[in-house]
Amino acid sequence: MSGTVTDAATGKPLAGVIVSAYDNQRMTTMTDENGQYELKVNSSTRSLLLRVDGYNLQQRAIHGEKADASLYSNAFRETYGRTTSAFISAEANRFDNNAEVSIDPLVAQQLGADMRMVKRGGIPGMGNTMLIEGINSLNANAQPLVVLDDVVMDMQYQRSMLHDGYYNNLLMNLNVNDIESVEVLKNGTALYGAKGANGVLVIKTKRNKSMATKIDVNINGRYELIPRMPEMLGAEEYRLYTTELLSGHINPTAMSNMRYLNSEPSYYYYNQYHNNTDWKDEVYKNAFSQNYGINVQGGDDVASYNLSVGYSLGNSTLKENDYSRFNLRLNSDISITNRLDARFDAYYSDVDRDLRDDGAPLNPLGTVITSPGFLALAKSPFLSPYAFDNHGTISHYLAEADDYLEGKFQGRGRLANPTSILQYGDGRNRNSFGNRLITFAITPKYRFNRHLNLSEHFVLGLVNTNENYYLPLQGVPNFVVDGISEETKLKNIAQSMAARETAIQSDTRLTWQNKYDLHDISVKAGVRYLSYDFTSTSQLGYNSSNDKNPNMSNSLQFKSTDGADDQTREITWYVLGDYGFGDRFYVSAGLSAQASSRFGDDASGLKLFGTVWGLFPSVEASWVLTNEKFLSGIKGIDYLRLNVGFDVSGNDDINYTASRSYFISKRMITDTGVTGKLIGNIGNTDLQWETTRRLTAGLTGNFLNNRVNLHLNVFKSWTTNLLSLRQLSYTSGLQENWSNDGKLENVGFDATLSTKVLALKDFSWELGASAGHYKNKVTALPDNDRSIETNIFGATILTQVGQPVGMFYGYKTDGVYATTTAAEADGHYLLKQNGDRVYFQAGDMRFLDLSASGGESGLIDEADRTIIGDPNPDIYGNIFTSLAYKNLRLDATFTYSLGNDIFNYQRSLLEGGTYFINQTTTIQNRWTTEGQVTDIPRVSYTDPMGNSRFSDRWIEDGSYLRLSNVTLSYHVPIQSTYLQGITIWGSAQNLFTITHYLGSDPNCAFSSNILSQGIDRGLLGSGRTFSFGVNINL
Amino acid sequence: MTNAMTVIGYCLLVIGMTSCGDMLETESELVEYEKDNTLNHPTDSVYSVLGIINKMQIIADRTVILGEARSDLMTVTDAASSDLKRLASFSLNSQPSTLNSQPSTLNSNKYNKIADYYAVINNCNYFLAHIDTTMQRRGRQLFRNEYAAVKSFRAWTYLELVKIYGEVPLVTTPLMTEREAHAALNSQLSSIKDVCNYFIEDLTPYAYVNPPVYGSIGNRSSTKFFIPTRALLGDLCLWAGRYEEAAKWYSDYLNDKIAPIKISSSNRVHWSTPMIYTSPSGSYSVTGDNEVLGIIPMETDIFDGNISDIDNIMNSTRENNYFYQLQPTVTMRQLSARQINCLEYSNEQTRQVIYVNDLSEQILTGDLRLYSVYSLRSRGTQDPYEEYSSLTQQIDKFTRGSITTYRSPMIYLRFAEALNRSGYPQSAFLILKHGLCPENVELFVDSIERSKAGQLIMFDPLAFPRLDEQGNLAILGIHSRGSGDSHCNDYYVLPQPEKQLATREDTVQYQIPLVEDMIIEEMALEGFFEGYRYYDLMRVALRRNDPDYLAGPISRRNGEQDNVLHALLMDQKNWYLPKQ
């Protein structure tokens, strides 16, 4: 056969293009100077693979005995692969020219609709939550499995940290520069047994590819602006607000005697209470970060290596949340004999941080508010961070906690001085965090012959985490906490935590592959053993004598310790087979059997060798239609492939000890060192993994001379045996334990369309977009489908059969009663504990009385709640474009999410009109006089009418479109002996966001917990970021 | 090549076969898995016994609250929690009107968690099934005392449980998996009598085994942490309707050879001087060490674990902003005021018996025990903006560190109830009016009853002398603890038929219910607010098959009869809490 290969931009013939049969690289030739080639192929060969440096590779169907092709410049995204598999996956692999400290935001930008990613917060490196193909678990982990260089990672999703609002993202330990690719597996997860139900994220790090030594040096810097903040009341406006809160709660004479209300400038305390402080200036700043990296690749035919060293140092826009990271990676490939080779990888990284609590408090009167970020908004602007001396002049000493209120308001409502928490909490022994990740992997592989090899992948991984916490005495009010008598005044808190996880993985695998004419067969079979030992200890104590003693010590009061000792052992047997028929049909089938120490002895699975095995089969098939004769010649259709698959996968994120019976000890009889031993749990021996059955179908097509590229996937999944807390039989003497009960369904699609708009000689322009959608539904729940209400930060999350997961369940409002007449006309009331009715008045919210038919008319109570929001988006994805002109390149990515609701918890505190915390300027519209028409109700201390309760007032549309990234890069065309090239780049992130959302950042998720989706608890948002860097190739 | 394959194949097979179960074994430093939990060392057994006590701490408050909030002696205040209100109004069975089809936690009530009782039971069952009773040291069975103590913990808990729930699964083997627990849940239910009969047999062999000696724990003597087995056997027999046996166990326990249980004649509140009826004399206390025979030790600081909330429910405290949740009812006040207080006054010249009636203050009229332990005071001038209650209530029947399980006057009263139902009303009444001692038996019990009752009322004369060395009465009737010198009270007498009845037995049968009423009334006067009342009414109502005995007083607790509540309580099944 023969053909001509041209350049798609110029139409000129391309010489030197390697042309080979797609399914058989042994049949290969090269184009001549006219772009022409001739190649002898088997009659079964239906397509060719064409590749040459500087161009995207291409698969081309043979029509008749001809196959002409025009190749596009590699400025465009790759649309073809060297091999074809039956699986559906998506890959992100452009990680150059950025200053990100963690891979998460880059993956989010590039994978768009393939995975829903939401940011955990604005502190650098906290990462994103991820959902692949909808939500496949309620209470167990719903985040994908991360496989890093074939190592099954425990991402410690459920581990809590001492600092409120902080999340230990283990992906932050990886250097972006070390990563080759991140692939999302949407099906074909049999290899991962009971771990694959949430999809799999396969991360590969760079390995050496050539014998020539290459040295890459990366230097970049990043400047982040303070994120959007709510506008708060000024000093006098806030003073007025407080008097409204006080009225009715305090004797008017006592009120007139309050120091802070005396407006006589000659008054002794005047200066102390007449400042105009913008506390945000005390707590937030623009932040600068820098990254340095060097990567050396090289080797010979015996050994080759990729060595990289990186160092990052950065600030957060929230003061005293700075970080540094050092990392070192060696990936080497060693050929020991001609039959035996080995891979040896070693990795070390060390992340250090300063930390402070972040986020709005759960209950402002519950205990002391410790988050400087929230205090910066909540703190009274008429106070100063600095104390006044007895002449009434300001000093350089930091002010104590709020003291402007008296009597009953003085107790739990006092706010700390955030400047003091920042200053006196500073230090490695006070508020710091460290995380070290060490991995050694060795993979010997013995080849018996061309077809058969045996490999062993042995990995030892260590993750060490330690954290110190100290809430200083200075500037912090006395406080109370649950579990310690109210009479006891606490002054400060010291905590420390140390955690260690040792992971051992052994994967022994026998691989056989052969080709018989059209039939390409490969089979892998093996056994994987996984062992994770996670131990942690933490200590907590109160009332150290002063801020010079921030450490845990025996002199602290109310000391307590906590810890975890969680062990998991797993054995998975697997067999995977791939079959290819020519270059048209591909079938993959796999089966794994997993046993785990977390499964109960009576779980329903295969009982063999003294334990229970969960069985996880999967089968996938794909058909390349364009390689069929009947479609090969059609103009406009360059490539068309159909995929279909069915998987059974599991989720083994089962409580470590729920299937076992055990005893616990309890300290008792007034701290005398006596302990009682008692039954802590009776095992649910039936406990097992959650099972997800998933049907997937996909279509991949390239059209109009490969100008248009489309990926479309649809899926439907059914999850059964949901892990849920179920009430135990009362005869057990225990309340509840984990069991398998409940079902979920997911259906959805994702689609990516990209077009090569312009392909000119020096200029190319690509434009594309993706859209993802999922819809899930709870189809069964424990205890006869009993709905479950979960309270998270004031929100009630309803889990109900027939509804999606995570619905906001609260009250519907209809404005504010402008007049007494209007309020009386409705006659809505609350019932007090003693049965008395309290009627809503003018200035109160009008809550809809939805249960009027069932309950009493006019009564506003729990029965009036309804679904008021859905945190799941209708559609999400990205829009991307690239422009390349010679060596200059401009990339831009927009990300978007539409139709998701957010519960703005922080706003409910800052506009609730309930506590002595500063409010946003919106509260200026509060109802104050009869007849006033407004949508902000009257303010009232502790809100007895519940005007600020969880209602649709706080549910906002979280839709947004954001210009996530713009990068302009220029490859300086220098070539010398010492210098291979220089790339200079500059980029900007979050340049603008189009949204109606009122909080700092609509892209927010404070935890991986699926039920806390869409709750904005006021963690630091993302600001606009500007980065600049240079990559030098030596 | 083939050989290599075979070797590999075998290797893989061996790896797989070497019992995967063992490879999946995990350990924990934080908890002790069942397989590692042994009970063959003294420390294990001590810690396990303490573990049971830890679980008893959780139900301790309920022994008081469930018996009192549902009774006719106490009523809820506005400040009471909704859980307490629903308990007091017997509305746990019905769903509150505000509840629509949405499920909610509204159904749960902190005072109704049946699993807490089974927690004690299951820990006991585990202990009893696994303790190595054969282990001997110096010829002595090492764990016999603990074995017996745990048996009585279990029986006591079952009696509490079945009194609350009416019918319960009787589980006596440890349930260590949810499968077993579920099977037990569906087993046949046992009634109060079934439960009592089972545990009478179960405990009898251990009636005389002393509790273990743990010495002082947390500066407290641990001897009272255990249940007095014979008193418990008396209770079980009393509820089972085995009165003669009940009387025998009580008698045996009170008249113990080594540690006879006497009630101090000085622990009373009384008038001492005629005409001055403003401030009674005497020190009446129900928390004294010599009267309290069994306790559940409680933590004193919430930081240490399970504390009692009784203080915050019954009394004005800083923690509850002085808003107490339970207060005495009209019934209680009237019951107390209705008693005829008698003062035997003697000076050098005269001896006179004075009846102190109709004092200006109701609380000082009649029995003085309520006055002695209960006070309601105003906090003085009030700022209307203040968040505190303007009244403070104080009930001195509780201590922070413990909940009483057994108190001697109450055992005496139940002994009286057993004697009365055994056909010995004179002996029973003796306990109320004069106190039980051989000399009083001789004086006030006729010879027929004396000979019939025999050993039951024949206490050791050395241990129970009528007079002390100074010639004062050393033994008093329980009624004298608050109603004055009842031994000379002519209004406080054994009921006699107006006309002579045909036989002596007829007289006895006439007296028994009337004396029983007096005993139950005395139980209220002595044990009010301590959690006995509801069950005392229930026991008699069941015995007489007369639901009104319980329904009547409770539905009239606030004066007027609450007809809805009365109708509800006339149905015996509403006496018990729903199992949840």
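Scope of the values below: all heavy atoms of this structure, side chains included, with no hydrogens, waters or symmetry mates. Letters A, B, ... mirror the listed sequences (proteins, then strands); counts begin at 1.
Other residues, nucleotides and ligands place more than 12 heavy atoms under 6.0 Å from the NZ atom of A/K607.
Using a 4.5 Å cut-off between heavy atoms, A/D686 contacts chain B through its side chain alone, with no backbone atom that close. Only the side chain of A/Y529 comes within contact range of chain B, judged by heavy atoms closer than 4.5 Å. For A/S596, the part sitting under 4.5 Å from any heavy atom of chain B is the backbone (N, CA, C, O) and nothing else. With a 4.5 Å cut-off on non-hydrogen atoms, B/Y214 does not touch chain A at all. At a 4.5 Å heavy-atom cutoff, the contact between A/I664 and chain B is made by side-chain atoms alone. Heavy atoms closer than 4.5 Å to chain A are found in the side chain of B/V171, but not in its backbone. In this structure, chain B has heavy atoms under 4.5 Å from both the backbone and the side chain of A/S485. Using a 4.5 Å cut-off between heavy atoms, A/E487 contacts chain B through its side chain alone, with no backbone atom that close. Of the atoms belonging to B/Q57, it is side-chain heavy atoms, and not backbone ones, that fall under 4.5 Å from chain A. Neither the backbone nor the side chain of B/A79 comes within contact range of chain A, judged by heavy atoms closer than 4.5 Å. Heavy atoms closer than 4.5 Å to chain A are found in both the backbone and the side chain of B/Y33.
Contact count versus chain B (heavy atoms, under 4.5 Å) is highest, among A/S739, A/S732, A/G680, A/G483, for A/G483. When each of A/L728, A/N684, A/I250 is checked for heavy-atom pairs under 4.5 Å with chain B, A/I250 comes out on top. In terms of heavy-atom pairs under 4.5 angstrom with chain A, the leader among B/S82, B/G305, B/P297, B/A80 is B/S82. The candidate from A/T731, A/L678, A/D836 with the greatest count of non-hydrogen atom pairs under 4.5 Å with chain B is A/T731. With respect to chain A, the highest number of heavy-atom pairs below 4.5 Å among B/D116, B/D301, B/V120, B/N123 belongs to B/N123. Ranked by heavy-atom pairs under 4.5 Å with chain B, the list A/N681, A/T657, A/D602 is led by A/D602. Ranked by heavy-atom pairs under 4.5 Å with chain B, the first of A/Y662, A/F599, A/Y730 is A/Y730. Looking only at heavy-atom pairs under 4.5 Å with chain B, the residue among A/V612, A/T675, A/I484, A/T685 that has the most is A/T675. Ranked by heavy-atom pairs under 4.5 Å with chain A, the list B/T177, B/I52, B/L175 is led by B/T177. With chain A as partner, the option from B/I307, B/V76, B/N122, B/N306 having the largest number of non-hydrogen pairs under 4.5 angstrom is B/N122.
Residues A/Q727 and B/Q580 have side chains not in contact (no heavy-atom distance under 4.5 Å, counting atoms from C-beta outward). You'll find the side chain of B/E34 reaches within 4.5 Å of the side chain of A/F663, heavy atoms only. Residues B/Y126 and A/I682 fail the side-chain proximity criterion, which asks for heavy atoms closer than 4.5 Å. Within the 4.5 Å cutoff, no side-chain heavy atoms of B/E178 are placed close to those of A/N737. With a 4.5 Å cut-off on side-chain heavy atoms, B/M23 and A/R569 do not count as touching. Between B/M176 and A/I679 there is a side-chain heavy-atom pair separated by less than 4.5 Å.
Without hydrogens or angle criteria, B/T26 side chain to A/S597 main chain gives no donor-acceptor distance under 3.5 Å. In this structure a side-chain-to-backbone donor-acceptor pair under 3.5 Å is present from A/D565 to B/E29.
For the residue pair A/R660 and B/S28, no side-chain donor N or O sits within less than 3.5 Å of a side-chain acceptor on the partner.
A/F558 and B/F303 have perpendicular rings, their planes meeting at more than 60° on a 0 to 90° scale where under 30° would count as parallel.
Interatomic distance, B/N54 CG to A/M668 CE, rounded to the nearest 0.5 Å: 4.5 Å. Taken to the nearest 0.5 Å, the CD1 atom of A/I669 stands 6.0 Å off from the CD1 atom of B/I217.
Applying the side chain to side chain donor-acceptor pair (under 3.5 Å) rule to A/N251 yields the partners A/T253; only residues at least two apart in sequence or on another chain are considered.
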B/R318 and A/E486: CA distance, side-chain angles, deciding distance, side-chain contact (heavy atoms from CB on, under 4.5 Å) verdict: CA-CA 9 Å; B/R318 276 289 302 281; A/E486 293 239 357; over 6 Å; no
Worked verdict on B/D304 versus A/R667 for side-chain contact (heavy atoms from CB on, under 4.5 Å): CA-CA 7 Å; B/D304 296 317; A/R667 187 184 53 158; 3.9 Å; yes
Show which side-chain atoms of residues 181-190 of chain B pair as donor or acceptor with protein atoms under 3.5 Å away, not counting sequence neighbours.
from   : atom 1 : to     : atom 2 : distance (Å)
B/H182 : ND1    : A/S729 : OG     : 3.3
B/N186 : ND2    : B/H182 : O      : 3.3
B/S187 : OG     : B/A184 : O      : 2.6

